[in-house]
Amino acid sequence: MAETFDILFKGGTVVNHTGEAPVDIGVRDGQIRAIGTIDASRAGRTVDARGLHILPGVIDTQVHFREPGMEHKEDLESGSRAAVLGGVTAVFEMPNTSPPTTSAEALAAKVAAGTGRMHCDFAFFVGATHENAGDLPQLELLPGAAGVKIFAGSSTGNLLVDDDETLTRIFSTIRRRCSIHSEWEARLRERLSVRRVGDPSSHSEWRDPVAALNSTERLLRLARAAGARIHILHVSTGEEMTLLSHNKDVATVEVTPQHLTLVVPEAYERLGTKAQQNPPIRDRAHQDLLWWGLEQGVVDIIGSDHAPHTLEEKAGTYPATPSGMPGVQTLVPVMLDHVTRGDLTLARFVDLTSAAAQRLFGITCKGRIAVGYDADFTIVDLKAERVIEDAWIGSKAGWTPFAGRKVQGWPIGTVVRGHLAMWEGELGQAAGQPVRFGEGLPQGAAQRG
Ligand code: DOR
């Protein structure tokens with residue numbers, strides 16, 4: 001008897017490593033079990049995807065969901081709700097919570113808090129500190145760990161490792177790719193007086209391109225010497241992009257939708273402190289080079305750096321205002337709109353948002369549409385024209401820097417392991433599970449201790 005399926009996605013245009021084709025996808029037990037022409041009679045339920053594109057599930061590898069400790073800004077449920085409303089099927093969450101994710105206990109607590117409560121799948125970065133540097137080789141392999149995150153320049157929270165000795169110690173002992181916030185801390189401290197009270201545009205002058213470039217140069221040098229693989233998060237300057245293009249053997253590169261879309265001074269004039277983030281939004285010349293890097297393949301991945309703060313907090317007077325902006329929900333529509341405008345192809349979007357995460361971080365069974373893989377899909381209507389509004393935002397922050405932006409291309413469905421986490425703006429049952437990695441502990445080792 002022919003194989004049967006729990007759910008069938010029928011009539012959509014599937015965008016995959018093989019190209020674009022109108023094919024059906026049969027799913028059983030959360031896994032893709034068949035791709036081709038499949039009769040609806042073989043499935044318990046059929047989702048009509050005619051007129052829609054089915055993309056591999058979008059994986060956002062940089063979000064801050066604030067739990068534990070800052071749940072007034074966000075928590076794992078609200079952040080993941082925003083994710084699936086925006087078509088994101090899995091997130092990697094950052095360690096600058098309170099307490100920070102710097103121990104096995106803190107990591108296990110996050111995994112427990114997210115399981116079955118988050119709307120999408122998830123992994124958590126382990127934050128590096130001077131104290132836990134010796135434990136990182138074990139910590140990075142624990143279930144649910146996305147790897148090690150270093151703040152080489154300080155941002156929200158107090159995680160910071162900025163001395164050559166500790167960086168080298170970490171680079172030469174961990175095995176997985178290390179993700180890094182790259183700004184030169186000493187220069188940031190020296191230049192604090194560049195900030196002008198009440199003028200958030202001075203944020204981009206204070207945290208200048210030299211601070212980013214010097215830091216990235218140093219990280220590349222230390223990583224090369226130690227034989228480490230590093231991942232430079234939210235690259236914001238043209239000089240770094242050029243430098244990174246000569247160091248692709250060591251470093252992978254993330255850019256954010258906001259650095260690709262917003263420019264100074266216009267962003268500060270329109271958005272004030274809402275445009276304040278680290279590393280800062282830059283001018284058009286830098287942005288052009290980010291697009292050059294994206295077009296030329298220097299950029300590996302797009303992450304949102306979803307960093308929610310409340311409107312009340314953002315309404316303070318700069319520099320007493322926090323840095324960061326929500327982004328997990330707007331990644332897909334903002335970038336699909338760039339696809340519509342011809343800034344990148346749909347195939348490139350798919351690589352940047354799913355296959356790249358699998359490749360960079362060694363995810364098991366996610367990041368492509370293939371038999372045996374998790375049935376994670378981002379189902380989009382490339383023709384839909386919508387205006388992004390604050391009212392649509394599921395994050396506790398309740399605002400977006402893209403409010404009022406008219407876009408073409410919209411997430412219609414978010415499918416996580418065959419389960420409709422979101423369909424036409426309606427949420428399904430939360431059923432998030434930890435993402436699995438090839439470099440994780442061998443089965444049973446966690447229990448054996
Ligand atoms: O602007 C930022 N805000 N950049 C970061 O790297 C951290 C983030 C936050 O956690 O608020």
Side-chain angles (χ1 to χ4, degrees), residues 60-76 78-79 82 91-102 110 124-125 127-128 146 148-162 178-185 188 195 200-204 206-208 211-212 215-216 219 231-237 240 254-259 261-262 264 267-268 271-282 302-314 316 318-328 330-331 395-397 399-401:
D60 185 348
T61 50
Q62 192 187 174
V63 304
H64 302 263
F65 282 175
R66 311 299 192 203
E67 179 181 339
M70 288 167 282
E71 288 90 344
H72 69 286
K73 297 177 195 273
E74 198 76 286
D75 62 34
L76 294 172
S78 64
V91 294
F92 290 6
E93 205 266 345
M94 286 294 165
N96 56 336
T97 45
S98 183
T101 324
T102 52
K110 275 194 175 179
F124 299 105
F125 281 103
V148 173
K149 159 79 182 277
I150 298 177
F151 281 91
S154 55
S155 192
T156 301
N158 51 15
L159 288 174
L160 179 69
V161 174
D162 71 335
C178 184
S179 298
I180 311 174
H181 180 118
S182 176
E183 288 183 283
W184 191 272
E185 182 65 16
L188 300 183
R195 302 178 301 174
S201 76
S202 60
H203 195 70
S204 295
W206 165 43
R207 302 181 84 111
D208 66 351
S215 169
T216 298
L219 293 168
H231 180 54
I232 306 294
L233 297 161
H234 41 40
V235 171
S236 63
T237 71
E240 285 173 285
E254 179 198 73
V255 291
T256 71
Q258 56 269 36
H259 286 107
T261 308
L262 306 176
V264 301
Y268 290 116
L271 299 165
T273 59
K274 286 180 179 171
Q276 177 192 335
Q277 81 138 65
N278 304 326
I281 303 299
R282 312 268 185 209
I302 289 184
S304 73
D305 190 14
H306 175 82
H309 300 286
T310 65
L311 282 172
E312 211 176 2
E313 291 164 335
K314 283 288 195 180
Y318 182 83
T321 40
S323 296
M325 52 181 78
V328 71
T330 46
L331 185 158
S395 163
K396 283 191 190 177
W399 62 275
T400 162

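Remember, it's 1-based here, ligands and their atoms both numbered in the order they're listed. The first residue in the sequence is number 1, and the count goes up from there.
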Under 3.5 Å donor-acceptor, E71 side chain and R66 backbone: no
State whether the side chain of Q62 and the backbone N or O of G303 hold a donor-acceptor pair below 3.5 Å, judged by distance alone. no
With a 4.0 angstrom cut-off on heavy atoms, strictly below it, pick out the residues next to ligand 1 and order them by chain and number.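 For ligand 1, the residues that come within the 4.0 Å heavy-atom cutoff are H64, R66, N96, S155, T156, H181, H234, Q277, N278, D305, A307, H309, S323, G324.
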Mind checking side chain to side chain contact (heavy atoms under 4.5 Å, CB included) for T261 and listing every partner two or more places apart, or none if nothing turns up?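 Partners of T261 under the side chain to side chain contact (heavy atoms under 4.5 Å, CB included) test: V334, H338, F402, R405.
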One pair to check against side chain to side chain donor-acceptor pair (under 3.5 Å): E313 and T310. What are the steps and the verdict? CA-CA 5 Å; E313 291 164 335; T310 65; 3.2 Å; yes
Name the residue from Q276, Q277, H309 that meets the side-chain hydrogen bond (donor to acceptor under 3.5 Å, both in side chains) definition with S323. Q276
Students often mix this up, so state it plainly: with edges at 30° and 60°, are the rings of H181 and H234 parallel, tilted or perpendicular?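 Answer is perpendicular, since the angle exceeds 60°.
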